[in-house]
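Reading through the structure tokens given below for one structure.
This one's a predicted model, so the numbers in the text were calculated from it and none came from an experiment. We count ligands from 1, going down the list as the structure has it; atoms in each ligand are counted the same way.
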Amino acid sequence: MEAAYKSGFISIIGRPNVGKSTFMNRVIGQKIAIMSDKPQTTRNKIQGVLTEKDAQMVFIDTPGIHKPKHKLGDFMVKVAENTLNEVDAVMFMINAEEGYGRGDQFILDRLQNVSNPVFLIINKIDQVHPDDLLPLIDEYKDRYDFEEIIPISALEGNNVDHLLHVLKSHLPEGPQYYPEDQITDHPERFIISELIREKALQLTREEIPHSIAVVIDNIEVREKGGSVFIQATVVTERKSQKGIIIGKQGSMLKEIGKRARQDIEALLGTKIYLELWVKVQKDWRNRPSQLTEYGFSSEEY
Ligand SMILES: Nc1nc2c(ncn2[C@@H]2O[C@H](COP(=O)(O)OP(=O)(O)OP(=O)(O)O)[C@@H](O)[C@H]2O)c(=O)[nH]1
Ligand SMILES: [Mg+2]
């Protein structure tokens, strides 16, 4: 008799910058969630679907849980917290370099009501000496009854296969939720806007990365050769930020466009033309109507 098909939803939660999106992209084998060294990179929950012969695992990458300073931050934290109630397992990811902190306790408190298995994932083990792992494990295991504690490197891939194996063994029997060729729940349009935001994020500093939104204005397939023409707008909060995004004689915007184009071409598998605009939308991160327009509506919790 064949073993029953297993499936389930697995939420990846943790403080900002611990490597949640890096992990998801690695297991899916394609970039569907953007990554950067700036905290609070991910703003929406993003599903990544891993389909195997005998199982389907739907990972939910979530925004890092932090102390919100504006309405966008409120949205991000609520999105992450609310996934806890709708999944079959939770991966609580921490950074091996950092160790236990107040932000983790805040998350552990939220995990108290979760009845499904919770796994502690210690990421970035490529950055620490193996001897440092034991004290770290001790620190966490006294604070919560984890199903298992698994150290990995999402960046280099260490122990990731083992983690997948363990997760699979804990999933319930269930249907294949998504067709096997589907890898995410978000449309290409969303991923394209995110790839542009990622480049702006990687190329800027301080408050600029956090004050940016990207809106796709138009996507059009031009008949000849099937190339795709994309128009998008980078939204900033202030005029000074707009100046920085444009750069000297447009140099910054040009660089953002050049890098984004490479990723978008890899995503779509076709040549693209990317036209970028920049506009100011004062204090958009605190304006409910703007937040809804940019895809951060309370219905998305
Ligand atoms: N050395 C090392 N770096 C890692 C590893 N995993 C992720 N990183 C780096 O950590 C940074 C943050 O990675 P992300 O995947 O964007 O982190 P995140 O948890 O999704 O962050 P938010 O979306 O802001 O919550 C990036 O610079 C990654 O390259 C790892 O296993 N080892
Ligand atoms: Mg992320």
The complete set of salt bridge (charged side-chain N to carboxylate O under 4.0 Å, His left out) pairs with one or both residues in residues 58-81, sequence neighbours excluded, reads Glu81-Arg110

Excluding waters, which are neither shown nor counted, protein N/O/S atoms under 2.8 Å from the Mg ion (ligand 2) come to 2

Note to self: Tell me if the aromatic rings of Phe92 and Tyr144 count as close, with their centers under 6.0 Å from one another.
What the structure shows: no

Consider only side-chain N and O atoms of Thr62 and Thr83, and report whether a donor and an acceptor are under 3.5 Å apart. no

Output for ligand 1, non-hydrogen cut-off under 4.0 Å, lists Pro16, Asn17, Val18, Gly19, Lys20, Ser21, Thr22, Met35, Ser36, Asp37, Lys38, Pro39, Gln40, Thr41, Thr42, Gly64, Asn123, Lys124, Asp126, Gln127, Ser153, Ala154, Leu155

Do Lys168 and Leu164 come close enough that some side-chain heavy atom pair is under 4.5 Å?
-> no

Lys20 side chain to Arg15 backbone, donor-acceptor under 3.5 Å:
yes

Requested in this report: Could you check Leu84 against Asn113 for side chain to side chain contact (heavy atoms under 4.5 Å, CB included), going step by step and ending with a plain yes or no?
Outcome: CA-CA 9 Å; Leu84 295 175; Asn113 304 322; over 6 Å; no

N-O pairing of Asp263 and Lys199 below 4.0 Å: yes

Residue set satisfying ring pair (Phe, Tyr, Trp, His ring centres under 6.0 Å) with Phe75, at least two apart, ordered chain then number -> Phe296, Tyr301

Which of Glu147, Glu148, Lys6 passes side-chain hydrogen bond (donor to acceptor under 3.5 Å, both in side chains) with His170? Answer is Glu147

